[in-house]
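Structure first, commentary second.
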Amino acid sequence: MKLDSSFYERDTPAVAKALLGCQLISRVGGESATTSGVIVETEAYLGGGDPGSHASKGRTPRTETMFGEPGRAYVYLIYGMYYLLNVVTEPVGTAGAVLIRALEPVEGIDIMKERRKCQPVKNLTTGPGKLTQALGITIEHNTLDLTQDLIWIEPYTTGDVQGSSRIGVSDGQALRYFIKGNPFVSR
DNA sequence: CGCTGGATGCCT
DNA sequence: GGCATCCAGCGC
């Protein structure tokens, strides 16, 4: 059962925690190319008051998605070569997004290996730039509705949630969340 | 192991 | 110039 827009239309840290243990499913490349994994690591990015967030400087063409409808994908390019997948949260007009940082692979592992050109399963989806490659997600999926049938998220399992500071953001906030003890968490 | 640097392009 | 990254190559 897909998560619907009411799931995403909440405060961002709550969504970031609730996404842990859910399954992210991609049918990019067709139904026979289905790839999926359990979300084991997320980060919350808030609106104007959050210096680590793209939305902290207000609306720009790039960050427009973060202010839009909850349950959409916010995808952007980083370091010239990696796409990062976020899920838009909060009501329309309020900025917020959850970065998906790591998955535990479930379906389509051979397809993921082919896309990523690597052998060890651990390397397939641990890291935000790696999991988008494995699931075939690119900039063309920015603003995609995640309650539809190309890329979506479903409840799957549960685990102990632990918090920490976000990777590469040195403020005091504990807005990174991960499943305690899961070997596919990054770092 | 851990550390360093390069690839590469869009952002403000 | 900086960046919500990754990997190869090096030295210990």
Side-chain angles (χ1 to χ4, degrees), chain A residues 8 11-20 22 24 26 35 37 39-68 70 72-90 94-105 109 112-144 146 151 153 161-179 182-187:
Chain A
Y8 300 107
D11 73 275
T12 309
V15 176
K17 281 180 267 193
L19 281 173
L20 294 174
C22 293
L24 172 62
S26 165
T35 46
I39 299 171
V40 298
E41 180 179 351
T42 60
E43 284 180 1
Y45 286 88
L46 316 180
D50 179 3
S53 172
H54 290 169
S56 64
K57 298 183 186 75
R59 287 190 185 230
T60 66
R62 181 206 209 187
T63 61
E64 190 59 27
T65 313
M66 281 188 77
F67 291 82
R72 301 276 179 151
Y74 170 45
V75 181
Y76 67 93
L77 180 69
I78 190 71
Y79 298 112
M81 55 178 75
Y82 296 103
Y83 297 105
L84 269 54
L85 171 66
N86 300 252
V87 173
V88 176
T89 58
E90 310 273 358
T94 303
V98 175
L99 172 67
I100 310 298
R101 282 199 57 90
L103 304 177
E104 176 171 344
I109 290 174
M112 296 187 198
K113 285 180 176 173
E114 203 172 307
R115 285 176 177 156
R116 297 223 55 247
K117 301 192 197 322
C118 77
Q119 288 309 310
V121 172
K122 161 80 174 164
N123 289 339
L124 285 173
T125 55
T126 290
K130 296 199 273 190
L131 70 90
T132 51
Q133 257 181 26
L135 269 56
I137 295 168
T138 70
I139 196 67
E140 72 186 90
H141 302 113
N142 187 38
T143 75
L144 182 78
L146 298 175
I151 302 168
I153 306 175
V161 175
Q162 191 165 335
S164 78
S165 59
R166 292 173 291 183
I167 307 290
V169 182
S170 55
D171 60 2
Q173 308 189 83
L175 292 175
R176 172 175 175 252
Y177 307 100
F178 55 94
I179 294 181
N182 186 287
F184 294 91
V185 172
S186 71
R187 289 288 173 100

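Reminder, nothing fancy here: chain letters follow the sequence lines and each chain counts from 1.
- Contact between A:Lys122 and A:Phe184 at its shortest, heavy atoms only, is CA-CE2, 3.9 Å.
- Between the side chains of A:Arg72 and A:Thr143, no donor N or O sits under 3.5 Å from an acceptor N or O.
- Between the A:Ser53 side chain and the A:Leu46 main chain, a donor and an acceptor come within less than 3.5 Å of each other.
- The CZ-P distance, from A:Arg115 to C:dC6, rounds to 17 Å in whole Å.
- Here the closest heavy-atom approach between residue A:Leu124 and residue A:Ala134 is recorded as O-CB, 3.7 Å.
- Of the possible polar contacts, none joining the A:Gln133 side chain to the A:Arg115 backbone as a donor-acceptor pair under 3.5 Å is found.
- Atom CG in A:Asn123 sits roughly 14 Å away from atom C1' in C:dT5 (whole-Å rounding).
- A:Glu114 pairs by the side-chain hydrogen bond (donor to acceptor under 3.5 Å, both in side chains) definition with nothing, not counting sequence neighbours.
- Here the C1' atom of nucleotide C:dT5 and the CG atom of A:Asn86 are 14 Å apart, to the nearest Å.
- Per the geometry, NE2 belonging to A:His54 stands 10 Å off P belonging to C:dC3, to the nearest Å.
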Kindly list each side-chain donor-acceptor pair under 3.5 angstrom involving residues 74-86 of chain A, sequence neighbours excluded, with atom names and distances?
residue, atom, partner, partner atom, Å
A:Tyr74, OH, A:His54, ND1, 2.8
A:Asn86, ND2, A:Tyr74, O, 3.2

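- Per the geometry, CE belonging to A:Met66 stands 10 Å off C1' belonging to C:dA4, to the nearest Å.
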Could you write nucleotides 2-8 of chain B as a row of B, S and -, 5' to 3', where a protein heavy atom under 4.0 Å of any base atom gives B, of only sugar-phosphate atoms gives S, and otherwise -?
-----BB

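- Atoms CZ (A:Arg101) and P (C:dC6) sit 7 Å apart, rounded to a whole Å.
- Across all strands, A:Gly127 comes closer than 4.0 Å only to sugar-phosphate atoms, never to a base (heavy-atom distances).
- A:Glu104 places no side-chain N or O within 3.5 Å of a backbone atom of A:Asn182 that could act as its donor or acceptor partner.
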Which dot-bracket notation, 5' to 3', represents the base pairing of DNA chain B when pairs are defined as Watson-Crick or G-U with both distances under 3.5 Å, crossing pairs as [ ], and inter-strand pairs as |?
|||||||.|||.

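- Within the structure, every side-chain polar atom (N or O) of A:Arg116 is placed at least 4.0 Å from both OP1 and OP2 of C:dC6.
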Could you list, one pair per line, each protein nitrogen or oxygen that sits under 3.5 Å from a nitrogen or oxygen of nucleotides 10-12 of chain B, together with the distance?
residue, atom, partner, partner atom, Å
B:dT12, OP1, A:Thr60, OG1, 2.8

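- Between the side chains of A:Thr63 and A:Thr60, at least one donor-acceptor pair of N or O atoms lies under 3.5 Å.
- Remark: A:Asp11 engages no residue in a salt bridge (charged side-chain N to carboxylate O under 4.0 Å, His left out) (not counting sequence neighbours).
- Atom P of nucleotide C:dC3 and atom CG of A:Leu99 are separated by 16 Å, given to the nearest angstrom.
- Between the CG atom of A:Leu124 and the C1' atom of C:dC7 there is a distance of 15 Å, given to the nearest Å.
- Side chain of A:Glu43 to main chain of A:Ile167: a donor-acceptor pair is present (N/O by atom type, distance under 3.5 Å, no hydrogens or angles).
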